[in-house]
Amino acid sequence: MKIWPYGQGRSLGHMPRPRKFQERDVISSASEVFAVNGLAATTLDDLVRATGLGKQSLYNAFGGKRELFLRALSEDRDEAARAVSEALQHGDASPLERIRGHMLRMAIEFSRSDSRVSLATRALVESTGEQDQLSTVTRAGIEELAGIYAHCLEDAQRSGDLSADANLASLAMYFVAVVRGMELVGRAGVGRAALTAVALDALRVLPGGAGADPVQA
């Protein structure tokens with residue numbers, strides 16, 4: 001058996017070159033591009049400029065533009081779920097007050113001129129509804145957010161602030177839809193006053209109990 005001197009072995013020539021970048025940094029840079037352009041309008045050249053990686057490196061690391069978008073979307077989705085969960089978690093405020101505070105914060109955020117469109121909303125707009133991975137990930141994100149709202153609404157129901165016969169699943173999806181809609185119209189230039197009115201009116205539809213008109217001063 002021949003022992004190859006160090007640096008001359010044939011197998012060393014086939015060893016993969018170590019990555020000199022952090023995937024999280026690449027995904028973060030790509031997210032900014034996707035948030036501005038969307039998936040369809042983003043080119044590989046856009047991603048090369050944003051990430052500093054060559055096209056082949058992007059393919060080797062992520063598999064292509066769509067795969068990189070899905071990675072970025074998954075991280076965006078997880079971050080959004082954590083933020084909503086933290087906003088609606090148990091505290092001194094009542095469940096409906098926590099939802100109210102969250103909706104008002106969203107109105108402020110979405111009215112900012114430098115507010116970035118979430119990848120979840122970008123994916124929602126570009127999703128075809130077909131059984132492909134983009135639609136599957138988008139739908140899973142919507143359902144995850146709805147579950148967080150539903151849990152808070154269930155707390156409101158138990159405390160008597162929400163009617164016992166309220167359809168929690170429907171109301172939870174309603175709040176997801178309102179927030180996503182606020183984000184889109186905010187991006188189109190609708191101002192803070194209008195978005196704040198939407199946020200406040202969103203809670204007035206809640207049926208029964210103390211939640212019938214939870215936003216009165």
Side-chain angles (χ1 to χ4, degrees), residues 24 26-44 46-47 50 62-88 99 102-153 167-192 194-203 205:
R24 182 172 296 277
V26 174
I27 292 171
S28 177
S29 296
S31 294
E32 295 298 324
V33 178
F34 286 131
V36 173
N37 299 335
L39 171 59
T42 296
T43 66
L44 274 176
D46 293 331
L47 295 173
F62 301 100
K65 180 181 79 168
R66 189 178 184 85
E67 289 77 12
L68 180 53
F69 180 84
L70 289 170
R71 286 284 300 276
L73 174 60
S74 293
E75 294 206 1
D76 186 82
R77 169 187 138 184
D78 291 344
E79 182 178 342
R82 282 193 298 271
V84 176
S85 182
E86 289 175 3
L88 302 186
I99 293 179
H102 165 65
M103 297 292 287
L104 290 174
R105 284 191 293 274
M106 292 298 94
I108 294 171
E109 172 65 24
F110 296 149
S111 65
R112 288 172 44 197
S113 60
D114 61 345
S115 179
R116 194 199 84 170
V117 176
S118 68
L119 293 190
T121 297
R122 281 289 188 190
L124 184 63
V125 170
E126 298 195 33
S127 174
T128 63
E130 299 175 357
Q131 294 301 316
D132 61 6
Q133 194 171 3
L134 177 59
S135 297
T136 298
V137 172
T138 302
R139 185 167 54 253
I142 291 172
E143 292 171 353
E144 183 177 13
L145 289 174
I148 297 170
Y149 284 108
H151 184 74
C152 191
L153 290 168
N167 187 327
L168 299 186
S170 174
L171 288 172
M173 193 60 72
Y174 163 77
F175 280 110
V176 174
V178 170
V179 171
R180 292 282 75 84
M182 287 170 61
E183 183 177 12
L184 286 173
V185 298
R187 182 67 176 176
V190 174
R192 180 179 298 185
L195 292 179
T196 298
V198 170
L200 295 177
D201 284 340
L203 278 86
V205 307

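The first residue in the sequence is number 1, and the count goes up from there. All values reported here derive from a predicted model rather than from experimental measurement. The basis for the numbers below is simple: all heavy atoms, side chains too, and nothing from hydrogens, waters or symmetry mates.
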Minimum heavy-atom separation for [X] to [Y], with atom names?
X    : Y    : answer
S31  : A72  : OG-CB, 3.3 Å
V137 : S74  : CG1-OG, 4.3 Å
G141 : R77  : CA-CD, 3.5 Å
A35  : R122 : O-NE, 2.8 Å
A40  : K65  : O-NZ, 3.6 Å
G191 : S111 : C-CB, 4.1 Å

What I'd like to find out is whether the side chain of [X] reaches to under 4.5 Å of the side chain of [Y], using heavy atoms alone.
X    : Y    : answer
Y149 : L171 : no
T138 : L73  : yes
F62  : V26  : yes
L203 : F175 : yes
V117 : V125 : no
V179 : F110 : yes

Kindly compute the distance separating [atom1] ([X]) from [atom2] ([Y]), expressed to the nearest 0.5 Å.
X    : Y    : atom1 : atom2 : answer
T121 : D76  : OG1   : CG    : 8.0 Å
Y174 : L153 : OH    : CG    : 11.0 Å
F34  : F69  : CZ    : CZ    : 6.5 Å
M103 : D201 : CE    : CG    : 10.0 Å
D114 : E109 : CG    : CD    : 7.5 Å
I142 : L124 : CD1   : CG    : 5.0 Å

* Lys/Arg-Asp/Glu bridge criterion (N-O < 4.0 Å) met for R82, E79 -> no

* To do: Determine, stepwise, if the pair H151 / L88 fulfils side-chain contact (heavy atoms from CB on, under 4.5 Å).
  => CA-CA 9 Å; H151 184 74; L88 302 186; over 6 Å; no

Check: [Y] main-chain N/O paired with [X] side-chain donor or acceptor under 3.5 Å:
X    : Y    : result
S85  : A81  : no
S115 : R112 : no
E75  : I27  : no

* To do: For atom CZ of R24, decide whether the heavy atoms of other residues, nucleotides or ligands shown that lie under 6.0 angstrom number more than 12.
  => no

* Under 3.5 Å, is there a donor-acceptor pair linking the side chains of S118 and E183? ->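 On atom types as modelled, these side chains qualify, holding a pair under 3.5 Å.
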
* To do: Show your working on side-chain contact (heavy atoms from CB on, under 4.5 Å) between E32 and N37 and close with a plain yes or no.
  => CA-CA 9 Å; E32 295 298 324; N37 299 335; over 6 Å; no

